[in-house]
Structures are given as structure tokens and as C-alpha cells.
Protein chains: 2
Amino acid sequence: MHKQDVTIYDVAREAKVSMATVSRVVNGNSNVREETRQRVMDVINRLHYQPNAVAQGLASTRTTTVGLVAPDLTNLYFAELSKGIDDIAHLYKYNIIITSIENQLINESQAIQSLLNKQVDGVIYMSNELPDSTVEAFERTNTPVVLAGTVDSRQQYPSVAIDYKKADTEAFNTMLNDGKKRLALVVGNEDASINHDYRLPAYEEFVAAHQLSSHVYHERRDYSDGYNLYAQLQRDQIDGVLVTRDLIACGIMSAALDAGQKVPGDLEIITASATQLASVVRPSLTAVKQPLYDMGAVAMRLLTKLMNGEKIEEKQIQLPYELMKKATTANKSAG
Amino acid sequence: MHKQDVTIYDVAREAKVSMATVSRVVNGNSNVREETRQRVMDVINRLHYQPNAVAQGLASTRTTTVGLVAPDLTNLYFAELSKGIDDIAHLYKYNIIITSIENQLINESQAIQSLLNKQVDGVIYMSNELPDSTVEAFERTNTPVVLAGTVDSRQQYPSVAIDYKKADTEAFNTMLNDGKKRLALVVGNEDASINHDYRLPAYEEFVAAHQLSSHVYHERRDYSDGYNLYAQLQRDQIDGVLVTRDLIACGIMSAALDAGQKVPGDLEIITASATQLASVVRPSLTAVKQPLYDMGAVAMRLLTKLMNGEKIEEKQIQLPYELMKKATTANKSAG
DNA sequence: AGAAAAGCTGTAAACGCTTGCATCATCACC
DNA sequence: GGTGATGATGCAAGCGTTTACAGCTTTTCT
């Protein structure tokens with residue numbers, strides 16, 4: 001970036017009006033005579049004038065920029081959410097600053113602060129945890145925040161998600177109906193709100209209600225973690241498992257097949273979040289299909305309202321999900 | 001964003017110095033007495049002062065922001081590249097504005113212009129095509145640009161890639177050595193520089209040199225496109241195929257398996273760009289493994305140099321790739 | 001026709017920071 | 001002890017916009 005070649009002054013001079021008028025034309029203010037508007041527009045086009053968004057941001061205190069906070073965009077769950085966000089942001093002329101927070105608290109603070117210093121008009125937050133320090137930073141700057149595909153125990157910010165508890169319960173029921181008795185749950189960080197508030201309670205209530213034993217496993221992040229985890233499942237004679245992430249589910253499935261087990265015969269697998277992956281692998285994964293794109297889109301739309309100062313009626317939005325029975329549960333052929 | 005609560009003036013007043021001095025402290029300028037520096041820092045911390053990056057950007061004409069242009073982040077190829085970019089950007093304190101251009105020329109112009117209006121200090125461009133209008137916009141604003149995982153016939157901008165021609169040739173050779181005679185190539189847009197300049201020539205030269213017939217297929221974008229494409233391959237009795245994207249390769253493989261064919265027995269499949277996907281599916285895909293993360297990282301590092309006004313010696317950088325023989329070519333067990 | 005209202009345009013003060021230049025105090029050196 | 005050089009600080013002019021506010025025209029209405 002260098003000093004700007006053609007500024008609003010140049011346009012004003014050429015069009016023989018004041019810069020205020022040029023500004024009005026640029027911003028579509030209606031208080032401009034049509035003839036003047038046309039003259040200014042001609043000069044703008046002739047000079048290739050483009051308003052400097054930084055100066056606009058400083059003068060207007062609105063940057064038409066939103067922050068997108070996510071742990072990792074190579075995780076398709078977040079990538080697919082982001083796509084919905086991006087499309088709506090584009091529609092409303094917002095640019096997106098991405099900020100990845102690899103679940104390292106130390107850096108999250110800095111990253112968030114840096115984002116807020118850029119004076120973003122709002123933030124979409126996607127992550128399993130919302131640390132206090134981050135909330136404080138949001139509060140300090142009074143920035144509107146919406147959670148996408150994410151829940152937070154505080155219920156302080158609007159969020160767009162699905163009914164995780166109901167979805168998980170439905171998944172367990174499916175496996176139970178298929179005659180599976182040793183059901184397991186594989187989650188990431190157990191302290192994350194989503195697990196703590198929904199998935200674990202759903203699981204514990206389910207096994208309690210059906211007098212089953214409880215088997216909760218913990219996964220880190222990679223395909224290979226899933227693969228390695230299978231040994232434990234086998235040792236514990238698990239015959240049905242709900243896995244949060246489909247990448248992990250794939251790992252478990254591969255390990256099971258490599259161990260000569262039948263899927264779904266010996267082990268049923270359901271993933272609680274389907275991405276592209278779930279339908280690409282063979283056998284295709286039975287999955288809770290969250291409407292990720294829509295969730296992102298709705299979250300972003302919500303944020304535009306908040307940035308616009310509109311009040312919103314319903315804060316915790318739940319979109320419908322679908323339990324898609326594919327080839328890792330009984331009675332279905334490969335999809 | 002609202003008007004800022006605590007500005008550099010407030011700090012100056014409290015610390016009994018001029019705002020210039022506060023600015024010097026904030027920017028680590030060494031021309032400040034240690035005692036003064038300490039006093040200012042204390043006030044900064046006490047008041048929670050955070051510099052307004054927009055004002056800094058306007059005054060300094062540097063926004064510490066770079067643009068990231070990509071067709072689609074749910075395409076893991078770009079997502080994995082982005083991760084390398086993101087990490088290095090973070091290291092050098094740059095924020096990233098993402099801009100997706102879904103290969104729609106009409107909107108690309110607007111999107112790029114909007115990005116440039118934000119006064120980004122540089123741009124990383126990832127896409128199969130670099131339209132003239134985009135180049136013109138870059139030129140007009142004199143913004144440094146680096147291509148990541150992307151090539152352009154103009155060879156005007158630095159790029160970080162691999163030796164596609166060599167890689168493809170190696171892939172074809174592998175299949176030929178496995179006794180395959182009817183080799184095919186599946187690409188996206190044939191006009192894209194990468195295909196036009198490297199993949200197609202590599203293929204045509206190879207079939208010519210070995211007196212094979214030429215079979216080039218065209219794919220759109222989804223898994224299902226790959227799946228449906230298989231019918232054509234089968235009709236043409238293809239027994240070995242190199243597929244640009246691994247998602248498409250998966251589709252072809254699934255279709256082949258569903259048709260009762262053996263992979264690799266009846267059909268060998270190699271993908272020219274491996275992402276997570278290639279190693280997750282069964283059988284795992286033999287693939288050209290591009291060092292996507294590193295390519296992104298190197299590209300971003302290059303961009304920091306350009307933004308810093310440094311001249312760079314080598315413009316077209318090629319990183320080493322690896323041909324990983326997995327389960328869709330002969331003589332290897334599933335990985 | 002005259003007054004009030006409405007429409008259009010310009011003036012100038014922000015917005016919050018950086019930075020060249022000027023100023024003044026310190027210090028070293030002979 | 002005078003002379004530069006050096007270091008620390010302040011002053012003030014930008015950076016390119018937006019937006020009250022004021023002022024001038026034109027329109028509308030009686």
C-alpha cells in the first residue's frame with residue numbers, strides 16, 4: 001500500500017463540486033441533484049476512483065468487516081460453516097478477517113485482541129470453548145458476537161446450532177434398535193460446552209435409561225487418533241459408537257475393518273457431524289447431518305442485524321438436522 | 001464499532017507526555033528514555049489502551065493485513081494451503097482477509113476491488129485462473145501478489161508450486177509400468193494455466209512417446225461428478241487414470257467399485273493432489289503428495305519480503321513433491 | 001407575491017494515529 | 001568551557017474520509 005493516487009479531492013476538483021458532494025454520491029445519499037450525480041460519476045469512472053476503505057472506516061467508525069474465529073479451517077466442519085457465513089457476508093458487503101485459534105489459550109487472547117483492534121463491526125465465533133478472556137475482550141469493545149455451530153454455557157451470545165441432545169439420543173436409539181448393547185461415545189474435549197452440556201448428558205441419560213454400561217472415549221484431533229482409538233473400543237467390546245467428528249469416525253472404521261471386523265455387523269458407527277467426508281468414504285457413514293451451510297448463513301444474517309442495531313427476538317436458534325442412515329448401521333445399502 | 005473509549009491522547013495526558021511519545025512507545029521506537037517508556041507502559045496497561053488499527057493504517061499507509069483469494073475453502077487443497085499461509089501470516093503479525101471467488105468472473109472483479117479498497121498490504125492468490133481484470137486491479141494499486149499452489153502463464157508474479165509436468169509424467173509412468181495401456185487424464189477447466197501449460201502437455205507428450213491413445217476428461221466440481229464420470233471411462237475401457245482432485249478420484253473409485261471392478265486390478269487411479277481425503281478413503285489413493293502446507297508457508301514468507309520492499313531472487317519456486325504409492329496402484333497394500 | 005418548506009451544496013471539524021522537523025537538554029571531546 | 005554530536009521530546013501537518021451545520025436555491029402553498 002502506498003499513498004493513494006486518486007482521492008476524493010481529485011474527483012471533487014474535476015467535477016467542480018466539493019468533496020462532500022462526492023462523498024454523498026459514493027454513499028448513495030439521495031440529497032444530490034441527478035445532474036450533479038451523473039457528472040461526479042463520470043469523473044469517478046474516468047479517474048478510476050475507488051474510495052479508501054480505511055479512511056472510510058476511520059471517519060465513519062464502521063469498517064464493513066467482520067471477524068471469523070475458528071480453530072482450524074482444514075476441519076471441514078468449520079469450512080462448511082464458513083461457506084455459509086461467507087456467502088451472506090458477501091451479500092451484505094462485508095469482508096471477512098479470519099482468525100484461527102488452535103485451541104491455545106495464550107495466543108487466543110492476542111489473536112482476538114488483534115482482530116478487535118482492526119475495528120471489526122462484528123464477530124462470528126466458532127469453537128468448542130469460549131474463554132473468559134475472550135468474552136471480556138468482546139465486552140470491552142462492545143462488539144456484537146454470534147456463535148455458529150457452537151454453544152456456550154453462558155448463553156450470553158446468540159447462537160445457531162441444532163438440538164444436539166435430541167440428535168445424539170436419536171443416534172443411540174438407532175443403534176439400540178439394531179440390537180447393539182455396548183454403546184460408546186467418542187468426544188473431543190470433555191469440558192467443551194457442547195459436550196459438557198449436551199452430548200455427555202444425552203449419553204449418560206440414555207445408558208441410564210436403558211441400563212447399559214457407560215463408555216466415554218476421548219479423541220485428540222487426527223485421523224490416526226481415531227485409528228488408534230479402535231484398540232480400546234475393541235478391548236471394551238463396544239458394538240456401537242457415536243463419534244463427534246467424521247474424520248475420527250473414519251479412523252475408527254478403518255481400524256475396525258483392518259482388524260477383520262464387520263461394519264456394521266460387529267460395530268455400528270454413527271458420526272454426529274457429517275461433512276463431505278461422511279459420504280465419500282466406503283462404507284458411507286451413517287451420520288447426523290447438520291445443515292452446516294445454513295447454520296453459517298443464519299448466523300451471519302443474525303450478525304448483520306446486530307451490527308445494524310436491531311434487536312433480535314430469539315437468541316438460541318436451533319435448525320433441523322437429519323439422521324441419515326447409511327452403510328455403517330444396519331439394513332441399509334451403501335449410499 | 002463505536003467511537004473509541006481510550007485513545008492515544010488519553011494515554012499521553014495521563015503519562016504527561018505528548019501523543020508522539022506514546023506512539024513511539026507503542027511502535028517500539030528506540031528513541032524513548034527507558035523511564036518514560038515505563039511510565040507510558042504503565043498507563044497503557046492501566047487504561048487498557050489498544051491502538052486503533054484503522055487509524056494506524058490510515059496514518060502509516062500500512063494495514064498489516066493481507067488478502068487471501070481462493071475459489072473455495074471447502075476444497076481441502078486450498079484449505080491446507082491456507083493453513084500454511086495463516087501460520088506464517090500470524091508469525092509476521094498480519095491479519096488475513098479471505099475472499100472467495102467461485103470462478104465467476106463477474107463477481108471476481110468486484111471482490112478483488114473491495115479487497116484492494118481495504119488497503120491490504122499484499123495478496124496471496126490461489127486459483128486456476130488469473131483474469132486480466134484482476135491483474136489490472138493489482139497493477140493499478142501496485143499491490144504485491146504471490147501465487148500459492150497456482151501457476152499463471154504470464155509468469156508475472158512469484159509463485160510457489162511443484163513441478164507438475166514431472167509429477168504427472170511420473171504418475172503415468174507408474175501406471176504404464178504396472179502394465180496399463182489405456183491411460184486417461186481427468187482435469188477441471190482445460191483452459192486453466194496449470195492444465196494448459198503443464199498437465200495436458202505432460203499427458204500428450206507421454207501418450208505420444210509411448211504410442212498410446214489420448215483420453216482427456218473434464219470434471220466439474222463434486223464428488224458426484226466423479227462418480228458419474230466413471231461410466232465414460234468404462235465405456236472407453238480406461239485402465240489407468242490420473243485425476244487432478246482427490247475428491248473426484250474418490251467418486252471415480254466408488255463408481256468403479258460399485259460397478260464390480262477391481263481397483264487397482266481393472267483400474268488404477270492416481271490423484272495429482274492429495275489432501276487428507278486421499279489417505280482416509282479405502283482403498284487409500286496413490287497420490288502425488290504436494291507439500292501444501294509448506295507451499296502456503298513459503299508463499300506467505302515471500303509475500304512478507306515483497307511487502308517489505310525486498311527484492312527476491314527466484315520468482316517461480318518449485319518445492320519437492322512425493323509420489324506416494326498406496327492401494328490404488330499395483331503391488332502395495334492398503335495404507 | 002411572499003413565506004415556509006424542501007432540496008442541494010459547501011465548509012470545516014472530526015476520526016486516531018504516524019512522522020518529519022524543530023527544540024532543548026546531555027554528553028563527550030579537546 | 002566551548003562545540004558538535006547525540007538523545008529525548010513535542011509540535012503540527014498530514015492520511016482520506018464522513019457528517020453536522022449553515023447557507024443558498026428552488027419549490028410549494030396560500
Side-chain angles (χ1 to χ4, degrees), chain A residues 1-41 43-44 47-65 114 116-121 141, chain B residues 1-41 43-44 47-65 114 116-121 141:
Chain A
M1 174 179 173
H2 56 315
K3 219 186 292 184
Q4 198 145 330
D5 43 348
V6 27
T7 74
I8 202 170
Y9 279 100
D10 301 314
V11 177
R13 184 170 7 85
E14 290 284 312
K16 301 197 197 316
V17 294
S18 74
M19 38 166 312
T21 299
V22 177
S23 174
R24 290 191 189 97
V25 170
V26 168
N27 294 296
N29 184 315
S30 63
N31 275 354
V32 179
R33 194 155 37 118
E34 175 55 24
E35 179 203 315
T36 314
R37 204 187 67 78
Q38 201 45 257
R39 183 152 38 96
V40 172
M41 282 306 290
V43 176
I44 286 178
L47 301 187
H48 289 297
Y49 167 71
Q50 290 291 144
N52 180 323
V54 174
Q56 289 180 315
L58 183 58
S60 68
T61 71
R62 310 200 45 212
T63 56
T64 60
T65 295
S114 159
L116 293 173
N117 290 351
K118 299 277 174 165
Q119 311 296 117
V120 291
D121 295 335
T141 53
Chain B
M1 174 179 173
H2 56 315
K3 219 186 293 185
Q4 197 144 330
D5 42 349
V6 27
T7 75
I8 202 170
Y9 279 99
D10 300 315
V11 176
R13 186 172 2 89
E14 290 284 312
K16 302 197 197 316
V17 294
S18 74
M19 40 168 312
T21 299
V22 177
S23 173
R24 291 193 188 96
V25 170
V26 168
N27 294 297
N29 185 314
S30 62
N31 273 356
V32 179
R33 195 155 36 119
E34 175 55 26
E35 181 203 315
T36 316
R37 204 188 66 79
Q38 201 44 256
R39 185 151 39 93
V40 171
M41 282 307 290
V43 175
I44 285 177
L47 302 188
H48 289 296
Y49 168 70
Q50 291 290 146
N52 180 323
V54 174
Q56 288 180 316
L58 183 58
S60 68
T61 69
R62 311 198 52 231
T63 55
T64 61
T65 296
S114 158
L116 293 173
N117 289 351
K118 299 277 176 176
Q119 311 296 119
V120 291
D121 296 334
T141 53

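Residue numbers start from 1 in every chain, and the chains themselves are labelled A, B, ... in the order their sequence lines are given, proteins ahead of strands.
- For the pair B:Ile8 and B:Tyr49, the tightest heavy-atom approach, listed with the atom from each and the gap, is N-CE1, 3.6 Å.
- For the atom pair CG (A:Asn52) and CG (B:Leu58), the distance works out to 6.5 Å, reported to the nearest 0.5 Å.
- Minimum interatomic distance between B:His48 and B:Val6 (heavy atoms only, all atoms of both residues): O-CG1, 4.4 Å.
- B:Thr7 comes within 4.0 angstrom of the backbone, heavy atoms only, and of no base.
- For the pair B:Arg39 CZ and D:dA8 C1', the interatomic distance rounds to 12 Å; values are reported in whole Å.
- C:dG16 atom C1' lies 17 Å from atom CD of A:Gln56, rounded to whole Å.
- In the helix from C:dA1-D:dT30 to C:dC30-D:dG1, the terminal helix axes, each the rotation mapping four pairs' C1' atoms onto the next four within five end pairs, subtend 30°, rounded to 10°.
- Heavy atoms only, all atoms of each residue included: B:Pro51 and B:Gln56 are closest at CB-NE2, 3.5 Å.
- Between the CG atom of B:Asn27 and the P atom of D:dA8 there is a distance of 17 Å, given to the nearest Å.
- Applying the salt bridge (Lys or Arg N to Asp or Glu O under 4.0 Å) criterion to A:Arg37, with sequence neighbours excluded, gives A:Glu34.
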Nucleotides 10-13 of chain C: which of its N/O atoms have a protein N/O under 3.5 Å away?
| unit_1 | atom_1 | unit_2 | atom_2 | d |
| --- | --- | --- | --- | --- |
| C:dG10 | OP2 | A:Ser18 | N | 2.7 |
| C:dG10 | OP2 | A:Ser18 | OG | 3.2 |
| C:dG10 | OP2 | A:Thr21 | OG1 | 2.9 |
| C:dG10 | N7 | A:Arg24 | NH2 | 3.4 |
| C:dG10 | O6 | A:Arg24 | NH2 | 2.4 |

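- D:dT17 atom C1' lies 11 Å from atom CD of B:Gln119, rounded to whole Å.
- A heavy atom closer than 4.0 Å to some atom of DNA chain D occurs in B:Ser30, B:Asn31, B:Val32, B:Arg33, B:Thr36, these being the qualifying members of residues 29-38 of chain B.
- Remark: A:Ser114 engages B:Asn95 in a side-chain hydrogen bond (donor to acceptor under 3.5 Å, both in side chains) (not counting sequence neighbours).
- For the pair A:Thr63 and A:Gln119, the tightest heavy-atom approach, listed with the atom from each and the gap, is OG1-O, 2.8 Å.
- Smallest separation of non-hydrogen atoms from A:Val43 and A:Ala15: CG2-CB, 3.8 Å.
- Between A:Ala12 and A:Ser18, the shortest heavy-atom distance links the atoms CB-C, 3.8 Å.
- Taking atom CD1 of residue B:Ile8 and atom P of nucleotide C:dG16, one finds them 11 Å apart after rounding to whole Å.
- Checking the phosphate oxygens (OP1, OP2) of D:dT17, no side-chain nitrogen or oxygen of A:Ser60 falls inside 4.0 Å.
- Rounded to a whole Å, the CG atom of B:Asn52 is 8 Å from the C1' atom of C:dC15.
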For this session: Dump the intermediate steps for side chain to side chain donor-acceptor pair (under 3.5 Å) on A:Thr65 and A:Lys118, then the final yes or no.
Result: CA-CA 9 Å; A:Thr65 295; A:Lys118 299 277 174 165; over 6 Å; no

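- Residues satisfying the side-chain hydrogen bond (donor to acceptor under 3.5 Å, both in side chains) test with A:Asn29, not counting sequence neighbours, are none.
- Regarding A:Asp10, its CG atom lies at a distance of 11 Å from the P atom of D:dC15, rounded to whole Å.
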